[in-house]
Amino acid sequence: MANTGKLNRRITYYPTGTYIDDGFGGKTLSVAGTPVETWCSARQISMRELISYGLPTDIKTFEFGFIYESGLNITNGMKLVYESKSFRTVQVTEVNEAKREIKVIATNQ
């Protein structure tokens, strides 16, 4: 990982389940995966960036960078817990699968 020294905060993310066949022609959301705790970098998004991303300006919004486990699907709406506060991902901005790095923008719930 290129900037491991910047990963100096703890974050927990909760992988969402996947849709599986229910046997009746429909799909059912499986149980979500096990929460993953890892190191991250965290930075509060500036007002200028919020406007350029088209995000609400009255909600605390952070950009998190962290290492994620291979095979997990990081998606919009996924729950993150940082400093005992719940966040929901609103944008996945960068993924480097070779180094298992990801950057997401998440709003405080």
Side-chain angles (χ1 to χ4, degrees):
M1 173 150 222
N3 295 316
T4 54
K6 293 184 178 183
L7 303 179
N8 58 1
R9 307 270 191 238
R10 297 299 282 170
I11 193 168
T12 302
Y13 60 95
Y14 295 79
T16 54
T18 58
Y19 285 96
I20 55 174
D21 290 326
D22 64 6
F24 299 102
K27 300 277 185 185
T28 302
L29 186 63
S30 68
V31 176
T34 305
V36 178
E37 186 175 15
T38 189
W39 292 99
C40 76
S41 61
R43 154 183 98 75
Q44 189 166 353
I45 300 290
S46 70
M47 185 68 68
R48 174 184 237 163
E49 289 173 297
L50 288 173
I51 292 167
S52 73
Y53 289 139
L55 296 170
T57 57
D58 59 341
I59 300 174
K60 261 191 185 177
T61 304
F62 281 77
E63 178 184 69
F64 297 106
F66 55 92
I67 298 172
Y68 69 100
E69 297 297 321
S70 296
L72 292 180
N73 192 14
I74 309 291
T75 59
N76 290 346
M78 191 173 79
K79 180 181 176 183
L80 306 169
V81 175
Y82 171 70
E83 293 184 343
S84 302
K85 295 181 181 100
S86 290
F87 289 83
R88 291 280 175 200
T89 58
V90 292
Q91 292 180 6
V92 177
T93 60
E94 183 180 324
V95 178
N96 181 340
E97 291 181 6
K99 294 184 179 179
R100 296 181 17 220
E101 296 175 283
I102 190 164
K103 284 191 179 181
V104 299
I105 296 175
T107 56
N108 188 274
Q109 299 296 301

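- For the atom pair CD of Glu63 and SG of Cys40, the computed distance is 11.0 Å after rounding to the nearest 0.5 Å.
- We find the CE-CG distance between Met47 and Asp58 to be 8.5 Å, quoted to the nearest 0.5 Å.
- Distance alone, capped at 3.5 Å, places no donor-acceptor pair between the Thr61 side chain and the Ile45 backbone.
- Scanning all heavy atoms of the two residues, the minimum distance from Asn108 to Ile59 falls at O-CG2, 3.5 Å.
- Scanning all heavy atoms of the two residues, the minimum distance from Ser41 to Leu7 falls at N-CD2, 3.5 Å.
- In terms of heavy atoms, Phe87 sits closest to Lys60 at CE2-O, 4.4 Å.
- Clustering ILVMFWY residues whenever any of their side-chain heavy atoms sit less than 4.5 angstrom apart, transitively, puts Ile102 in the very cluster that holds Phe62.
- Atom CG of residue Leu80 and atom CD1 of residue Ile11 lie 4.5 Å apart, to the nearest 0.5 angstrom.
- Residue Val104 is grouped with residue Val36 when hydrophobic side chains (ILVMFWY) are merged at heavy-atom distances under 4.5 angstrom, including chains of intermediate members.
- When all heavy atoms are compared, the tightest approach of Val92 to Ile74 is CG2-O, 3.9 Å.
- The CD1 atom of Ile67 sits 7.0 Å away from the CD atom of Glu101 when rounded to the nearest 0.5 Å.
- Seen from the ring of Trp39, Arg10 counts as a face-on cation partner, given the 6.0 Å and 45° thresholds.
- In summary, of the residues considered (Phe64, Phe66, Tyr82), a side-chain contact (heavy atoms from CB on, under 4.5 Å) with Arg9 occurs for Tyr82 alone.
- For the atom pair CZ of Arg43 and NZ of Lys6, the computed distance is 10.0 Å after rounding to the nearest 0.5 Å.
- Here the side chain of Thr89 pairs no donor or acceptor atom with the backbone of Ala106 at under 3.5 angstrom.
- Contact annotation: the side chain of Arg88 approaches that of Lys79 to within less than 4.5 Å [non-hydrogen atoms, C-beta and beyond].
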